[in-house]
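Encoded as C-alpha cells, the structure appears first; notes follow it.
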Amino acid sequence: MYYTSTRDKSVRVTASEAITKGISSDGGLFVPTEIPKINEDFIKELIPLSYIERAKRVLSLYLTDFSDEEIAYCVEGAYRQGKFSSDKVAPLYKLADGEYVLELWRGPTCAFKDMALQLLPYLLTTASEKTLKDTEIVILVATSGDTGKAALEGFKDVPNTKILVFYPVDGVSPMQKLQMTTQEGKNVSVCAIEGNFDDAQSGVKAIFTDKDIEKKFKENNLAFSSANSINWGRLVPQIVYYVSAYCDMVENGAIALGEEINIVVPTGNFGNILAAYYAKKMGIPVKTLICASNANNVLTDFLKSGTYDKNRDFYCTTSPSMDILISSNLERLLFHLSGENDVQVKEWMQSLSSNGKYTVTDEVFAQIKALFDAGCCDDIATKSTIAEIFNSKKYLCDTHTAVALNVYKNYKAQTGDSTPAVIASTANPYKFSASVLSAVSEEIKAENEFDMVDELFAKSNEPVPAQLASLKGKEPRFKQVCNKNNMKQVVFDMLGI
C-alpha cells in the first residue's frame, strides 16, 4: 500500500512516510493509492473480536510497512484497559429502535479525538524509527477545541517529540480552554490566537509548507508533523470505529450481516465523515452518509449544491468544535471522486485560497449526491434537541451530538428512510456544561463553569468524568495570545531556534 498526494499523483510514499510528514510538500494531503476491500467473511471474523483486535485487522490493511508486532504494540498501547471508560472503547447506545448513538468520547479527554490521538503517538514514533532517525518531531496543531487537548494528552512526554497547539482565543468552551491551558508535560506548549479556527488552520498549513522554515528545521535536526486530521495517521484510526460499529450492530441483532446502515456525523472539518466514507468504500454496507452542520453550514450548502463558498458570516456557536468554514479533509474526497484528477483538485484549492469558493464538475457532484445527504442546525434547535432527547429518552447529549440528532430527525421526516442508523456522538456533555444545562434546566443558579457542572449532575444524575472534575481550581500554565501573523515566531520561540 502506497500513498499519493491530492495535488500531485506522481508522489509515492509509504504509510510511515505519510504519517511522519503529515502533509505533502506540494500542500496536498496524503491518500491511499487504493482503498482496500473487505467482504462479509472478513466482517464475520471481526464480529466476535474486541475493539483492539478489530483495530489490528483493519489497520493492517492500510499500514502495510508496519509489522504485525508493531501494529499490535501501537493498538494495545492506545486502547489498553483503563484508558477508556468502556470496555467496548466505542460503545453503541440504543436510543430507539433503529437509532444507535456511537459514543466516541470514552477516552481520557472526553472527546472523539481520543480515538485517533491515543493511537497517533504510537504510530508516529514507530514510523519515525523507519524514516526519521536522530530527528526530533515537532507536532503542530490547530484546534477548534477537542483536537488540541486530545493531542496534548496523547503526546505528553513522548520521547523525541514536542507539541504546540494553537486555538482561537474566543472560539472554544471554558472547559476546553481549561483542559488545554492546564496541560502537564515537559514537551507541550499552548498558544491562543486572535482569530478563528480557520485562521489557526491556515497558519499551521502555511508553516508546514514554508521552505525557509524547512531549511532551518533540517539544520537543527527537527521535522514537522501534524496531529490534525490532515495527517493520515489521524484519519485512519477513525475508519476503525465505523467498521467496529457495524460489527456491533450485527452482534446485538440490530441488523443482519449484509444489511445496510446509515451513518450520521456532526462535522466541520469533514474528517470524521470522510472516515465513514472510507469504511463504505472498503465494503461496509452503508446506504447514506448524513453530514450534520451547525450555523456554519458551508458543508451542507456544498453537499446540496456542488459549490463550496466560504464567503459568508462566521458564527461562534454552542457547538464550537464545528465552527469551521474551511473543511480541509474535503480535498481528499474530491481527489477520489474526480478520478484522482490532481490538476483539477489543485485548481479548486487555489480558487478557494484566492476567491474563497469553487464549484465541482457535474460528474463529481452527481457522485456526491449519490453518497451524501446533509442538513444544518442552529443553536436554538440544538438546545431544543438536547431537551427533547433528555426528557423523552433520559439521555444527556452534548451540543455537537445534538446537531447530528436534529439533522437526522429532519432527514427521516423528509425522506421516510427508516434504515437503521449509527449517529456519531463526539463529546461528553460536561465539556459544554453551560449550553447543556441551559437546555435541560429552566432556572440556572450557577455562576461559574464548575458550579454548572454540579448543577447539571444534580439535574441529570449523569456521572461527571473525573478528568474534568479534577480541573476545578487548577491554575493555567499557558496564557499567551498571539496575532495570527505571528504564529511562525511563536513556533521558533517555543523551540529556541
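This is a predicted model, so every value here is computed, not measured.
In this structure, Arg106 contributes its side chain and Val89 its backbone to no donor-acceptor pair below 3.5 Å. Looking at Thr6, its side chain does come within 3.5 Å of a backbone N or O of Leu29 through a donor-acceptor pair. Ser293 contributes no side-chain N or O that, together with a main-chain N or O of Cys377, makes up a donor-acceptor pair within less than 3.5 Å. The backbone N or O of Asp379 lies less than 3.5 Å from no partner atom in the side chain of Asn294, so there is not a single donor-acceptor pair.
The side chain to side chain contact (heavy atoms under 4.5 Å, CB included) search around Lys280 returns Val286, Leu289, Leu371, not counting sequence neighbours. For Ser50, the side chain to side chain contact (heavy atoms under 4.5 Å, CB included) partners are Ile52, Glu53, not counting sequence neighbours.
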What verdict does the salt bridge (charged side-chain N to carboxylate O under 4.0 Å, His left out) test give for Arg312 and Asp301, after you've listed the backbone C-alpha separation in whole Å, the side-chain angles of each residue and the deciding distance to 0.1 Å? CA-CA 11 Å; Arg312 60 183 66 209; Asp301 287 349; 2.9 Å; yes

One pair to check against salt bridge (charged side-chain N to carboxylate O under 4.0 Å, His left out): Lys310 and Asp198. What are the steps and the verdict? CA-CA 10 Å; Lys310 74 177 186 71; Asp198 292 324; over 6 Å; no

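Ring geometry for Tyr51 versus Tyr79: interplanar angle over 60°, hence perpendicular rather than tilted (30 to 60°). Classification of the Tyr358-Trp348 ring pair by plane angle, with boundaries at 30° and 60°, yields parallel.
The pair Arg54-Glu251 counts as a salt bridge, with a side-chain nitrogen and a carboxylate oxygen less than 4.0 angstrom apart.
Gln176 and Ser321 share a side-chain donor-acceptor pair at under 3.5 Å. Residues Gln183 and Lys156 bring no donor and acceptor atom of their side chains to less than 3.5 Å of each other.
The only member of Lys287, Lys412, Lys409 that meets salt bridge (Lys or Arg N to Asp or Glu O under 4.0 Å) when paired with Asp417 is Lys287.
For CD of Glu184, the number of neighbouring non-hydrogen atoms (other residues, nucleotides, ligands) closer than 6.0 Å is 12 at most.
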